[in-house]
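Source: prediction; values computed, not measured. Residue numbers start from 1 in every chain, and the chains themselves are labelled A, B, ... in the order their sequence lines are given, proteins ahead of strands.
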Number of protein chains: 2
Amino acid sequence: MCAVLKYAYSQILVECSRLKKITIYDVAKKASVSPKTVSRVINAEQSVSTKTKTLVESAIAALGYSPNTSARSLRTKRSYILAFLYDNLSPAYVMDLQVGILSICDKAEFNMVIRPCNFTSETLAQDIAALIKRSRVDGLILSPPISDHKELIQYLEEKQIDYVRIAPINTKLKSSYVFANDREAAAEMTDHLISLGHTSIGIILGDLSHLAGQERLAGYKNSLKKAELPVNSNYIEQGDFSFESGESAALKLLTQKQPPTAIFACNDYMAAATMKIAHKLGLRVPEDVSIAGFDDAPVSKYLWPTLTTVWQPVQQLASQSADLLINKILNQETSTAPLELRCELVIRESTAAIKK
Amino acid sequence: MCAVLKYAYSQILVECSRLKKITIYDVAKKASVSPKTVSRVINAEQSVSTKTKTLVESAIAALGYSPNTSARSLRTKRSYILAFLYDNLSPAYVMDLQVGILSICDKAEFNMVIRPCNFTSETLAQDIAALIKRSRVDGLILSPPISDHKELIQYLEEKQIDYVRIAPINTKLKSSYVFANDREAAAEMTDHLISLGHTSIGIILGDLSHLAGQERLAGYKNSLKKAELPVNSNYIEQGDFSFESGESAALKLLTQKQPPTAIFACNDYMAAATMKIAHKLGLRVPEDVSIAGFDDAPVSKYLWPTLTTVWQPVQQLASQSADLLINKILNQETSTAPLELRCELVIRESTAAIKK
DNA sequence: TTGTACGCGTTATCAT
DNA sequence: ATGATAACGCGTACAA
């Protein structure tokens with residue numbers, strides 16, 4: 001076959017694959033109804049008799065029809081796209097959130113666009129405004145710390161753009177949100193350490209501009225008070241959820257005259273850092289010092305010893321958010337009650353009874 | 001204000017925000033040209049005088065116009081969406097790939113949809129076919145091991161759907177692909193260990209159905225041969241890139257009569273597992289045994305000692321893929337030459353000169 | 001170089 | 001319960 005013919009042939013094939021345009025007219029013809037009726041069936045409108053409904057449905061199945069999103073969007077002024085905004089969370093955490101959102105998007109026939117953000121960027125609100133405009137996003141899911149980005153939220157409120165927040169600090173807005181019971185879980189973890197006989201329990205705090213950072217500290221304090229143990233400020237070190245901040249905090253905690261016998265790091269990265277420092281100082285874990293984390297990140301299983309930590313319902317948080325958001329978009333539902341999901345303790349090797 | 005009025009008012013606001021419809025007609029009016037001319041400017045067509053072009057451009061800027069994707073898609077039969085398929089890679093790796101693709105999508109005004117897959121699923125090809133149909137994606141980026149999923153690729157070829165592959169094994173297809181120089185990098189890592197005086201160097205293999213798995217083994221062997229060291233089958237253990245497989249492989253290697261003095265694990269998870277086993281066996285790293293990984297995963301910095309590993313140009317692989325794909329889609333460009341990107345050794349604490 | 005008329009596939013409006 | 005017609009905003013074909 002000569003080159004020219006070959007090219008022409010390939011173009012025909014391209015055209016053929018593109019031309020596979022089954023529209024609602026084809027379905028209507030096959031089912032002997034009007035296009036509008038097909039549309040009614042697709043959109044599950046009420047006023048369709050059961051008979052015609054099944055008729056149309058079988059025609060759709062027979063032709064393998066699926067609606068053209070562009071046409072639908074053009075008409076309805078909806079994109080069927082929601083945006084997921086995140087900043088600086090651990091990769092595994094972000095992936096879990098993505099999976100949770102996707103699971104709902106698939107059911108609802110929405111698409112998700114993801115958007116890594118920089119919370120400290122001056123232009124964040126503008127950047128997102130541009131995203132919304134360009135991609136014509138129907139709604140947004142905000143994860144911490146963006147859940148509390150004032151300028152962005154003000155913009156969304158002004159423009160009446162739907163959004164749902166994951167674990168926000170400011171809960172006075174009318175937009176709905178979901179969160180985990182970090183406070184209780186942190187208290188449970190502290191209870192766990194106390195039950196092992198520890199009375200000197202250090203904590204490495206996370207970033208307090210995250211709700212999780214605040215709540216985990218609150219849970220720690222609650223537990224100590226309940227057990228009538230003092231809250232010793234020497235045992236409280238500020239971190240920011242990063243490994244590096246964990247290193248310096250752990251160093252301060254463990255090089256005191258009377259170091260704590262157990263350390264609760266507010267996430268697994270800081271716990272990993274604590275373990276490293278302990279090893280460097282020649283301390284055995286958990287014989288000399290117990291270490292606990294939070295998040296159940298992959299690294300918690302890769303450390304030696306494996307890390308006692310808290311599992312969070314991350315995928316569930318995300319899927320619930322997506323569910324709320326899509327309901328808002330489609331049904332103009334107003335604010336719904338905040339949704340609280342439960343964490344679970346994961347006891348591994350890094351915590352043990354205190355050495356007598 | 002009574003409730004009904006309040007509701008009506010809110011609806012008006014909603015309408016107002018929705019009605020913010022600046023179209024090419026508005027731009028055309030402002031610039032005193034025809035809509036078609038505006039379209040020409042937007043699409044950078046040639047036949048527009050510089051004068052009218054700048055005129056239109058300033059009108060666009062003044063009105064803050066951006067084209068309606070749905071209308072454009074409906075007309076051009078393009079979605080301006082590309083899909084990114086991945087399965088079971090490490091979260092940090094996937095996030096890097098996403099960021100790389102996004103960076104190009106932003107420039108080209110494309111959207112990305114992500115799709116976690118299960119390579120072993122019977123219905124993978126069908127699922128992706130459904131995705132393509134529903135979301136009307138213009139093209140796909142396949143990451144390992146999906147890069148070599150025969151059924152899926154056959155489908156894409158048949159339907160003439162554009163795709164680009166990252167690190168595929170089968171390179172005989174005409175579709176373009178990008179890859180990293182894993183083989184050379186693995187050889188360099190082995191060279192590094194040899195230069196430290198090691199002659200008994202174990203390797204924990206990755207999944208050989210990934211190109212990376214094959215290439216890293218090849219590099220290891222090449223390096224040994226170059227140094228005229230024997231390839232000892234006792235020192236080669238099969239793994240599958242998972243932490244667990246690393247544990248059992250490391251155990252086998254390190255409990256031999258004459259264990260290797262250095263172990264090259266084909267990724268960081270397996271290296272982390274090796275470190276754990278070494279610790280458990282009472283071996284010091286790197287004094288008793290050197291350990292090296294591959295990927296420069298976050299965990300490599302969180303271990304103690306920190307892990308010597310290989311950094312891969314993951315974001316670059318992704319952005320190059322996206323670039324190739326978008327060019328294919330927009331310009332009907334045919335296959336381009338394979339693109340090879342370079343890895344880099346990252347020497348940290350887990351490798352050291354052999355103990356005399 | 002620039003403009004006019006039409007159609008992409010769907011849903012909304014209004015009618016029956 | 002169902003159908004006819006118009007319109008969403010853009011790009012193509014064709015004309016000027």
Side-chain angles (χ1 to χ4, degrees), chain A residues 15 18-57 59-60 63-80 109 133-136 138 329-330 332, chain B residues 11 14-15 18-57 59-60 63-80 109 133-136 138 330:
Chain A
E15 282 310 310
R18 293 238 182 279
L19 276 177
K20 215 178 189 179
K21 48 166 185 186
I22 295 151
T23 76
I24 103 174
Y25 283 87
D26 302 313
V27 178
K29 196 177 290 173
K30 179 143 190 130
S32 315
V33 294
S34 78
K36 176 63 210 184
T37 300
V38 178
S39 171
R40 277 190 254 263
V41 173
I42 294 165
N43 295 297
E45 289 175 32
Q46 299 306 327
S47 55
V48 182
S49 73
T50 326
K51 206 176 64 184
T52 52
K53 191 180 163 191
T54 51
L55 198 67
V56 169
E57 273 165 353
I60 288 174
L63 294 169
Y65 165 80
S66 67
N68 181 317
T69 316
S70 310
R72 168 182 271 183
S73 293
L74 180 58
R75 196 65 182 98
T76 60
K77 307 212 175 308
R78 282 211 192 96
S79 62
Y80 304 93
E109 307 236 305
K133 206 172 163 190
R134 192 173 79 61
S135 293
R136 290 188 154 68
D138 286 335
I329 292 167
L330 295 183
Q332 304 291 356
Chain B
Q11 286 308 299
V14 169
E15 280 313 299
R18 294 238 182 278
L19 276 177
K20 217 178 186 178
K21 47 165 186 187
I22 295 153
T23 75
I24 56 174
Y25 286 88
D26 302 312
V27 178
K29 197 177 291 175
K30 178 142 189 132
S32 315
V33 295
S34 79
K36 175 62 213 184
T37 301
V38 178
S39 172
R40 277 190 253 263
V41 173
I42 294 164
N43 295 300
E45 287 176 34
Q46 299 306 327
S47 56
V48 182
S49 72
T50 325
K51 206 175 65 183
T52 52
K53 191 180 164 192
T54 52
L55 198 67
V56 169
E57 274 165 352
I60 289 174
L63 294 169
Y65 165 79
S66 68
N68 182 318
T69 316
S70 312
R72 168 182 272 183
S73 293
L74 181 58
R75 197 66 183 91
T76 60
K77 306 213 177 309
R78 283 213 190 95
S79 63
Y80 303 94
E109 309 236 306
K133 207 171 163 189
R134 194 174 77 62
S135 294
R136 289 187 152 70
D138 287 335
L330 295 183

Could you give the distance from [atom1] ([X]) to [atom2] ([Y]), rounded to the nearest 0.5 Å?
X	Y	atom1	atom2	answer
Glu109(A)	Thr69(A)	CD	OG1	8.0 Å
Asn43(B)	Thr76(B)	CG	OG1	9.0 Å
Ile22(B)	Lys133(A)	CD1	NZ	6.0 Å
Thr52(B)	Leu55(B)	OG1	CG	7.0 Å

Roughly how many Å is it from [atom1] in [X] to [atom2] in [N], rounded to a whole number?
X	N	atom1	atom2	value
Arg78(A)	dT11(C)	CZ	P	11 Å
Ile60(A)	dT10(C)	CD1	P	10 Å
Arg40(A)	dT13(C)	CZ	P	13 Å
Lys77(A)	dG9(C)	NZ	C1'	14 Å
Leu74(A)	dA12(C)	CG	P	12 Å
Leu330(B)	dG11(D)	CG	P	13 Å
Glu45(A)	dG3(D)	CD	P	13 Å
Ile42(A)	dT11(C)	CD1	C1'	10 Å

query: Any donor and acceptor pair, going by atom type alone, linking the side chain of Thr54(B) with main-chain N or O of Thr50(B) inside 3.5 Å?
result: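 Judged by distance alone, yes, a pair lies under 3.5 Å.
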- request: Give a yes or no answer on whether the side chain of Ser66(A) reaches the backbone of Arg134(B) with a donor-acceptor pair at less than 3.5 Å.
  value: no
Any side-chain N or O of [X] below 4.0 angstrom from OP1/OP2 of [N]?
X	N	value
Thr76(B)	dG11(D)	no
Thr37(A)	dA1(D)	no
Tyr65(B)	dC10(D)	yes

Set out, line by line, the N/O atom pairs under 3.5 Å between protein and nucleotides 5-7 of chain D.
from: dA7(D); atom 1: N3; to: Arg75(A); atom 2: NE; distance (Å): 3.1

query: Nearest to the side chain of Asn68(A), which nucleotide is it out of dT2(D), dA12(C), dG9(C)?
result: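 Ranking dT2(D), dA12(C), dG9(C) by closest atom to the Asn68(A) side chain puts dG9(C) first.
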Nearest listed nucleotide, side chain of Thr23(B), among dT11(C), dT2(D), dC10(D):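 Output: dC10(D).
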query: On DNA chain D, nearest-nucleotide positions of Ser34(A) versus Pro67(B): which is more 5'?
result: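 Mapping each residue to its closest nucleotide by heavy atoms, the 5'-most match is Ser34(A).
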task: Kindly calculate the angle separating the two end axes of the helix from dT1(C)-dA16(D) to dT16(C)-dA1(D), each obtained from five base pairs, and round it to 10 degrees.
output: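 Rounded value for the end-axis angle: 30°.
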- request: Evaluate the criterion side chain to side chain contact (heavy atoms under 4.5 Å, CB included) for residue pair Val33(A) and Val38(A); output intermediate values, then yes/no.
  value: CA-CA 7 Å; Val33(A) 294; Val38(A) 178; 3.9 Å; yes
- prompt: If each of Ala71(B) and Ser47(B) is mapped to the nucleotide of DNA chain C with the nearest heavy atom, which maps nearer the 5' terminus, i.e. the 5' end?
  reply: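 The residue mapped nearer the 5' terminus is Ser47(B).
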message: For Lys30(B), I'd like to know if atom NZ has over 12 heavy atoms of other residues, nucleotides or ligands within 6.0 Å.
response: no
- prompt: Within a reach of under 6.0 Å around NZ of Lys53(B), are more than 12 heavy atoms found that belong to other residues, nucleotides or ligands?
  reply: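 Atom NZ in Lys53(B) is not packed in, count stays at 12 or less.
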Close side-chain approach of Ile24(B) and Ile42(B), heavy atoms under 4.5 Å: yes
- request: Using a 4.0 Å heavy-atom cut-off across all strands, classify Thr52(B) as base, sugar-phosphate, or nothing.
  value: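 If one applies the 4.0 Å heavy-atom cut-off, Thr52(B) turns out to touch the sugar-phosphate alone, with no base involved.
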